[in-house]
Amino acid sequence: MSVSKAAPETQEPYPLSTLRHSVAHLMASAVGKLFPGVQYGFGPSIEHGFYYDFDLPEPLTDKDLKRIEKEMRRIARQSPEIKREDVSREAARERLLGWGQEYKLEALDGIPEDEAISFYGHADWADLCEGPHIDSLDRPFHFKLLNIAGAYWRGDEKRPMMQRIYGTAFWTESELAEHLEWLKEVKLRDHRRIGTDLDLYSTHEEAGAGFIFWHPSLGIVRHEIENFWWEEHIRRGYEPVYTPHVLREELFEKSGHLEHYAEMMYAPMTIDGMPYRVKPMNCPGHILMYGSRGRSYRELPLRWAELGTVYRYERSGALHGMLRVRGFTQDDSHIFCTPEQLADEIAGVLELTDFILKTFGYEYTAYLATKPAEKFIGDDDIWERATAALREAADKVGMPLELDAGGGAFYGPKIDFKQKDALGREWQNSTVQCDFNLPERFDMTYTDRDGTQKRPIMVHRAILGSFERFVGGLIEHYGGKFPLWCAPSQVAVIPIREQHAEYCGKLARELKADLFRVRNMDEPGHMNKKIKQAQHDQIPFMLIAGDRERDEGTVTIRRRATREQEVVPFGEFLELIRSLRETRSLTLERNAGAARGT
RNA sequence: GCUGCUGUAGCUCAGUGGUAGAGCACUUCCUUGGUAAGGAAGAGGUCAUGGGUUCGAGCCCCAUCAGCAGCUCCA
């Protein structure tokens, strides 16, 4: 997941990235002062700040960050001027040798022959660097060092692990404060925190890492999403299929998974003396079904959909809450079609993806990923035709495409979606991929109009990606405040006094009869406490009723996250939430149908 | 997997080698309250697990498991 929060880009005369790179230098010089003998790696500016990599004998701690910040301020005050020095390659080498900077020497060797070599520095410190930098550290700016982490030299896991310090910098104090506030909000919305707080899911040491247990409250969220998903798929001519989880190893040899994907697959188990594997993907199963009898052009396209649970080995350090797990359910589908049908089929997928993502309130960008430069199968002609079909499909539904040149899979071009959540962070879940490989490997055919056997094209597509990742992302996107249609509890009914429990019970029964999920809070205890509880649990609506409401047949509505009260006849409330549910409204306001996708 | 850090009650956390703590949540009783925490009492922990050091370990050491920040890799 990457992040693309709107950030101020420039401040005359320097862009923010230049400032951040200079602050990275300032940090490096401070680290050099405090830890003599440090070896420097790279220290670029990044999307929301900067980092610098160091090789130090001692591990850094959070306490060191404060010391380093202090030293940075001292240095900036004392010798603010940043100087550039152009040197010959030989002089640079001698200088770096003199300083004993081995990583920098390697970096120097990586600079092309025809490029100039320069150092940037301040005070008695300098760094091999092409710049640019701000001219002086006494310009007004504000920074903060954020965290320490390990990072491989040059991102290569076979090379030494260095210590990386992340920080951020802005021209103004208010921008820095705003960014820190945003980081706080990110932390507050963390699905792992909300997941525990709202009793949504758990993982268990006893069960092993990377396996998600969906509690009832999140179970109903998923159930609603599944219903929605199936409804829209069946509407569009998809057919549900179900395939087994454990299959003979031979099948994965034939599909090529064992060859290309073995390190992601769990070890074989022996059944009747034969090796079997837990499936890491659903496609081989669907292909078997396709091949169960002869196929005619008349029955194409076939759109087979399965919420298929797969298991993949992920390295322990890669696991992350619900977002990166070892067992997950894909909203998978395979479309088998003729080359002529391809563009229409893709268009249908794009339209459906657009509809589903917008229902959840996601903006998105679609990327066309074309033929990789090196490893690929299939001849140029079929790649060109498939890529053209993807373009044509996007055109047909009026979807703009960004280009991801060479980003296709080895088996075909694809369109990937990056969806943007409420905090401006981007997630990649949805994908549509053309596949020329598997139809070939499994010798899939259909009989065409002229009686000849032809090869179908196979399209893999997932829109949510996996329920685990998608719902984990949704928790953060909504901050636990699910829209009414999929909220775990939809209405809390709160009597003002115990004697109003009867009226409240009647309201609750009527809502339940209409299949609303109701929390009837008729247990003894104070109303205020129940309001607080319902608020904490992010229940969209509270219905509060006392003498007045009972006598008039009304309810007092209170929406989550607001203190405003509204008294309406119960029938009117029922109508409101029916309409919110039907339109899968993202808000809790009347006429919210119009608010779809905003 | 790698580097660093962490693991004490359901949750958030205090506890620097000598009798396991707090707040919230939970249970019971009292409280009958008009829009975000009424009061009292109670229950709840082999201090992740297994070894070691020590007269004595939640605390020190080692291993394992799980988690966190990243790197690498991905739906």
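Worth knowing before you read on, the calculation uses all heavy atoms, side chains too, and leaves out hydrogens, waters and symmetry mates. Per chain, numbering begins at 1; letters A, B, ... match sequence-line order.
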ask   = Between A:N528 (CG) and B:A36 (C1'), how many Å, whole number?
value = 7 Å
query = Are any of A:R558's side-chain N or O atoms less than 4.0 Å away from OP1 or OP2 of B:A36?
reply = yes
query = B:A25 C1' sits how many Å from A:D537 CG, rounded?
reply = 12 Å
query = What's the closest nucleotide to the A:R563 side chain, out of B:G70, B:A36, B:A75?
reply = B:A36
inquiry  = Strictly below 4.0 Å, N to O, side chains only: are A:E589 and A:R559 in salt-bridge contact?
reply    = yes
request  = On RNA chain B, check which nucleotide each of A:T61 and A:I496 is closest to and give me the residue with the more 5' one.
outcome  = A:T61
ask   = Taking the P atom of each, how far is B:G10 from B:C71, in whole Å?
value = 34 Å
key: A:N147 CG to B:C5 P, straight-line distance once rounded to whole Å   = 15 Å
message = Is the distance from the ring center of A:F410 to that of A:H260 below 6.0 Å?
response = yes
inquiry  = I want to confirm an ordering. Mapping A:I531 and A:R164 to their closest nucleotides on RNA chain B, which one lands closer to the 5' end?
reply    = A:I531
message = From CG of A:D199 over to C1' of B:C11, roughly how many Å is that when rounded to an integer?
response = 11 Å
ask   = How far, in whole Å, is B:G44 from B:G21 if one measures between their C1' atoms?
value = 13 Å
message = B:A36, OP1 or OP2 - any side-chain N/O from A:H526 closer than 4.0 Å?
response = no
remark   = In Watson-Crick or G-U wobble terms, with both distances under 3.5 Å, the base opposite B:U27 is B:A41
task = With P as the reference atom in both, quote the distance from B:A20 to B:G4 in angstrom, rounded to an integer.
result = 34 Å
query = To the nearest angstrom, how far is A:R315 atom CZ from B:A75 atom C1'?
reply = 17 Å
key: Separation of B:C68 C1' from A:H191 NE2 (nearest whole Å)   = 13 Å
request  = Output the single nucleotide from B:U3, B:C71, B:A66 whose closest atom is nearest the side chain of A:E205.
outcome  = B:A66
query = When you compare B:C60 with B:G17, how far apart are their P atoms, in angstrom units rounded to a whole number?
reply = 8 Å
task = Could you please name the option among B:A75, B:U72, B:G34 that lies closest to any side-chain atom of A:Y152?
result = B:U72
message = Tell me whether the NZ or CZ atom of A:R277 lies within the 45° cone about the ring axis of A:Y311 and under 6.0 Å from its centre.
response = no
message = Quiz question: going by heavy-atom distance under 3.5 Å, is there a donor-acceptor pair between the base of B:A75 and the side chain of A:E314?
response = yes
task = Taking atom C1' in both B:G67 and B:U35, compute the distance separating them and give it to the nearest angstrom.
result = 40 Å
key: Mate of B:U3 where both pairing distances stay under 3.5 Å, Watson-Crick or G-U   = B:A69
A:E476 vs A:H191, side-chain hydrogen bond (donor to acceptor under 3.5 Å, both in side chains): CA-CA, chis, key distance, verdict = CA-CA 6 Å; A:E476 307 206 352; A:H191 73 282; 2.8 Å; yes
ask   = B:A69 P sits how many Å from A:L319 CG, rounded?
value = 12 Å
message = If I take atom CD in residue A:Q163 and atom C1' in nucleotide B:A69, what distance separates them, rounded to the nearest angstrom?
response = 13 Å
task = Tell which nucleotide pairs with B:A36, taking only Watson-Crick or G-U wobble pairs whose two distances are both under 3.5 angstrom.
result = none
inquiry  = Categorize A:V325 for me: base, sugar-phosphate, or nothing, with a 4.0 angstrom heavy-atom threshold over every strand shown.
reply    = base
task = Could you please name the partner base of B:A63, counting Watson-Crick and G-U wobble pairs only when both distances are under 3.5 Å?
result = B:U49
query = With a 4.0 Å cut-off on heavy atoms, is A:A318 in touch with a base, just the backbone sugar-phosphate, or nothing at all?
reply = base
message = Counting the atoms with a prime plus P, OP1 and OP2 as sugar-phosphate, which does A:G155 contact under 4.0 Å by heavy atoms, base, sugar-phosphate, or nothing?
response = sugar-phosphate
CA sep, side-chain torsions, deciding dist, call: A:W427, A:D421, side-chain hydrogen bond (donor to acceptor under 3.5 Å, both in side chains) = CA-CA 8 Å; A:W427 310 66; A:D421 79 3; 3.0 Å; yes
task = Could you tell me whether A:R164 sits above the aromatic face of A:Y51, with NZ or CZ closer than 6.0 angstrom to the six-membered ring centre and within 45 degrees of the axis?
result = yes
request  = Decide, applying a 5.5 Å centre-distance limit and a 30° plane-angle limit (both strict), whether A:F470 stacks on B:A75.
outcome  = no
ask   = A:D62 near the nucleic acid: base, sugar-phosphate alone, or nothing, with a heavy-atom cut-off under 4.0 Å?
value = nothing
message = Does the structure show a Watson-Crick or G-U wobble partner for B:G58, both distances under 3.5 Å? Name it, or say none.
response = none
query = What interatomic distance, in whole Å, is found between P of B:C11 and the corresponding atom of B:C26?
reply = 15 Å
request  = Would you check if there is a donor-acceptor pair between the side chains of A:H215 and A:S202 at a distance under 3.5 Å?
outcome  = yes
query = Taking atom C1' in both B:A75 and B:U6, what distance in whole Å separates the two?
reply = 29 Å
task = Write down the partner of B:U16 under the Watson-Crick or G-U wobble criteria, each distance required to be under 3.5 Å.
result = none
query = Side chain of A:E549, base of B:G34: donor and acceptor closer than 3.5 Å?
reply = yes
task = Classify the nucleic acid contact of A:H536 as base, sugar-phosphate or nothing, counting any heavy atom under 4.0 Å across all strands shown.
result = nothing
ask   = Think A:R192 has a side-chain N or O under 4.0 angstrom from the OP1 or OP2 of B:C68?
value = yes
ask   = So, is A:Y166 near the phosphate of B:G4, with a side-chain N or O under 4.0 Å from OP1 or OP2?
value = no
ask   = From B:C71, B:U35, B:C73, pick the nucleotide closest to the side chain of A:R324?
value = B:C73
remark   = Picking from B:C71, B:U31, B:G34, the nucleotide nearest the side-chain atoms of A:P524 would be B:U31
task = Please determine, for the side chain of A:K529, which listed nucleotide (B:U31, B:A25, B:C71) has the closest atom?
result = B:A25
ask   = Under the 3.5 angstrom rule, does the side chain of A:E58 hit a backbone N or O of A:L60 as a donor-acceptor pair?
value = no
message = Need one value for A:G465: base, sugar-phosphate or nothing, where a base atom within 4.0 Å counts as base even if backbone is also close, heavy atoms only.
response = sugar-phosphate
ask   = Mind checking the P distance from B:U46 to B:G34? Whole angstroms is fine.
value = 43 Å
message = As a test of reading the structure: which of B:C74, B:A48, B:G67 is closest to the side chain of A:R469, going by heavy atoms?
response = B:C74
request  = Identify whether any heavy atom of A:T196 sits under 4.0 Å from a base atom; if not, whether one sits that close to sugar-phosphate; answer base, sugar-phosphate or nothing.
outcome  = sugar-phosphate
inquiry  = Go through it in stages, so that I can follow the logic: the residues are A:Q538 and A:H536, the test is side-chain contact (heavy atoms from CB on, under 4.5 Å), and I'd like the CA-CA distance, side-chain angles, deciding distance and then a yes or no.
reply    = CA-CA 5 Å; A:Q538 308 282 18; A:H536 168 269; over 6 Å; no
